[in-house]
Amino acid sequence: MPSTEKLPSGRWRGLYVDAEGKKQRVKGTFPRKSDAREAAVDAEAKAKRKAAASDGTLSASVTFREWYEQLSDERRFESDRGVVEASVMNKYVFPKWGDEPLNRIKRVQVNTWVKTDLKVRTGMSPGYVHLIYSAFRLVMTAAVDQEILDASPCVRIALPPLNRRKPKKFVTTERAAESRGNFGDDSGVYADMVDFGLEVGMRPNELAGLHVARIDRKGRKVHVVEVYVERSKKIRGYPKDGDVRTVPMTVRACEIYDSRIEGRDLKGGCGVEHYDGSKCTSALLFVNREGRPANQPALRRAMKRAGLDTGGYGLRRGYATRAVEGGADVMAVKRSMGHADLEELFGYVQETEQSEDRLRAALGDKKPLRAVGPRGTKRGTKRGNQPLPDAPNNGVTNAG
Ligand SMILES: [Zn+2]
């Protein structure tokens with residue numbers, strides 16, 4: 001029987017009897033007797049269930065939550081999954097199934113839950129629905145494994161189809177060149193940022209925070225260190241994931257640098273507060289007409305005006321695609337872009353006809369008979385006799 005005892009401190013402790021008939025203390029103490037008693041009742045019930053489960057006599061009317069808690073106690077789940085799982089349980093699974101006895105959870109209800117409760121929630125991706133459902137299913141399957149249930153209700157459940165990865169838009173050098181005059185900015189800074197971004201693959205906030213002193217003009221290299229944090233309007237001393245890196249500069253990148261610094265005072269500091277409080281002694285390469293950082297939203301707006309509707313990351317994808325298509329070593333591209341792994345880089349490299357031809361050539365195919373100009377000049381060409389499914393328009397190649 002659950003009971004309580006009063007401690008010399010004036011607080012209360014819960015006591016209960018475990019499955020072997022031994023008296024046990026509930027962990028922790030409580031200011032009120034009723035709370036201590038409640039904790040003791042819970043602990044005793046839990047101990048009974050645990051014992052019942054281990055000798056195979058746990059009732060199928062145990063609730064979903066009780067069963068889950070017991071599983072967690074027994075560390076049946078891998079620990080690194082635990083955090084995500086617990087949050088998914090609390091947010092989506094318990095509100096629906098927590099108090100339901102396991103043997104009353106039926107396939108039809110599960111199906112309806114997945115189809116309506118989960119699927120229609122705005123902004124919830126099919127992948128997340130799969131995640132929630134698999135956490136739920138794991139618990140039910142464990143109940144079958146331990147012979148608490150005869151069968152799992154998690155069969156023939158209609159899950160939403162997973163999105164296939166959509167090709168993302170990117171900017172080609174050709175389109176950037178064609179759009180030069182359309183940025184709606186007579187200082188030319190955004191057109192320069194676009195061109196520079198396609199040459200070095202930097203993130204938009206890295207371009208906005210690029211200090212002139214970080215450019216080794218002689219060595220033709222950019223050291224990517226600072227970023228401009230748009231939200232706080234401050235300079236941070238390290239890029240995403242802390243990946244300070246050095247990127248080679250092309251001839252075109254050097255040209256842009258040269259024209260950008262011409263006639264400017266480069267030693268006066270950037271005029272933006274640095275997070276670490278250090279006194280800045282270098283100008284930013286890309287500033288607007290007011291001498292302020294050419295920031296990410298402004299770049300995006302200017303690109304949109306010019307018909308380059310890809311956002312700043314379209315430059316990064318453009319860079320990755322160009323570099324890989326041009327035959328660059330994938331590891332070198334990864335280093336330049338500061339990627340943690342190749343998988344991430346592949347997300348940036350957009351498949352193009354050239355890359356397919358290159359692969360065929362690497363495998364020994366002769367060069368295709370149709371005329372292929374230098375990279376990226378084949379907008380509107382046909383793939384065999386079939387029209388491209390997504391003919392590129394407004395300069396933004398939608399690789400498909
Ligand atoms: Zn600075």
Side-chain angles (χ1 to χ4, degrees), residues 1-110 112-114 117-118 131-155:
M1 274 294 282
S3 59
T4 57
E5 65 180 1
K6 192 168 191 177
L7 301 168
S9 63
R11 292 174 67 88
W12 294 85
R13 175 149 59 204
L15 302 167
Y16 68 95
V17 180
D18 71 12
E20 278 126 42
K22 274 204 264 179
K23 212 160 202 183
Q24 301 284 355
R25 290 168 165 174
V26 176
K27 270 185 208 146
T29 61
F30 302 84
R32 291 191 313 187
K33 186 177 179 178
S34 57
D35 292 339
R37 193 182 149 73
E38 206 170 290
V41 170
D42 280 353
E44 188 164 308
K46 215 168 165 180
K48 279 208 179 108
R49 280 199 301 275
K50 204 167 175 174
S54 68
D55 47 7
T57 56
L58 182 64
S59 160
S61 64
V62 62
T63 68
F64 184 91
R65 190 195 309 268
E66 287 163 350
W67 172 234
Y68 174 74
E69 280 168 3
Q70 185 168 321
L71 282 176
S72 313
D73 279 2
E74 291 172 19
R75 297 171 176 279
R76 269 168 216 280
F77 296 100
E78 292 163 38
S79 56
D80 53 343
R81 282 192 54 163
V83 176
V84 178
E85 205 172 76
S87 111
V88 160
M89 283 292 168
N90 285 323
K91 221 165 155 189
Y92 301 105
V93 182
F94 286 163
K96 174 72 182 175
W97 305 111
D99 300 326
E100 200 71 26
L102 288 183
N103 58 1
R104 296 246 303 269
I105 300 176
K106 301 294 178 203
R107 192 192 75 84
V108 177
Q109 298 165 292
V110 175
T112 309
W113 173 59
V114 171
D117 296 13
L118 289 180
L131 177 81
I132 297 165
Y133 173 71
S134 71
F136 169 78
R137 189 183 54 191
L138 208 64
V139 177
M140 298 308 288
T141 305
V144 177
D145 288 347
Q146 298 201 24
E147 300 180 351
I148 294 163
L149 288 180
D150 293 331
S152 168
C154 299
V155 284

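All residue numbers refer to positions in the sequence shown, counting from 1.
By the 6.0 Å contact criterion, CD on E38 is open, its count of non-hydrogen atoms from other residues, nucleotides or ligands being 12 or less. Around CZ of R107, the count of heavy atoms belonging to other residues, nucleotides or ligands within 6.0 Å exceeds 12.
Here the CH2 atom belonging to W67 is positioned 9.0 Å from the CG atom belonging to L149, to the nearest 0.5 angstrom. Remark: K106 NZ to R104 CZ distance equals 9.0 Å, nearest 0.5 Å. How far CD of E66 is from CG of D99: 8.5 Å, rounded to the nearest 0.5 Å. Going from atom CG of D18 over to atom NZ of K48 covers 10.0 Å, rounded to the nearest 0.5 Å. To the nearest 0.5 angstrom, R13 atom CZ is 11.0 Å from T4 atom OG1.
In this structure, the side chains of E5 and R25 come closer than 4.5 Å at one or more pairs of heavy atoms. For the pair Q109/P153, no side-chain contact is recorded, criterion being any heavy-atom separation below 4.5 Å from C-beta on. The closest side-chain heavy-atom distance from F136 to Y92 is not below 4.5 Å. A heavy-atom distance below 4.5 Å is not found between the side chains of V17 and M1. In this structure the side chain of V139 reaches within 4.5 angstrom of the side chain of F64, judged on heavy atoms.
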Exercise for review: Show the numbers, then the answer: is there a side chain to side chain contact (heavy atoms under 4.5 Å, CB included) between W97 and M140?
Suggested key: CA-CA 11 Å; W97 305 111; M140 298 308 288; over 6 Å; no

task = Report the C-alpha distance between I132 and K96 in whole Å, list the side-chain angles of each, state the deciding distance to 0.1 Å, and finish with yes or no for side chain to side chain contact (heavy atoms under 4.5 Å, CB included).
result = CA-CA 12 Å; I132 297 165; K96 174 72 182 175; over 6 Å; no

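Smallest separation of non-hydrogen atoms from P95 and N90: CD-O, 3.4 Å. Of all heavy-atom pairs between A39 and F30, the closest is CB-CZ, 3.5 Å. Closest approach of L15 to A40, counting heavy atoms only: O-CB, 3.3 Å. The two residues M89 and A135 come nearest to each other via the heavy atoms CE-O, 3.3 Å. Across all their heavy atoms, T112 and V108 have their closest contact at OG1-O, 2.9 Å. Looking at every heavy atom in both residues, I148 comes nearest to S59 through CG2-O, 3.8 Å.
Tested against Y133 for a side-chain contact (heavy atoms from CB on, under 4.5 Å), the candidates V110, V88, V93 yield a single pass: V110.
Remark: Y16 pairs with no residue by the ring-ring contact (aromatic ring centres under 6.0 Å, His included) rule, at least two apart or across chains.
Under a 3.5 Å cut-off, the side chain of R11 and the backbone N or O of T29 do form a donor-acceptor pair. In this structure, the side chain of R37 engages the main chain of P2 through a donor-acceptor pair within 3.5 Å.
The existence of a salt bridge linking R65 and E69 is excluded, since no basic side-chain nitrogen approaches an acidic carboxylate oxygen closer than 4.0 Å.
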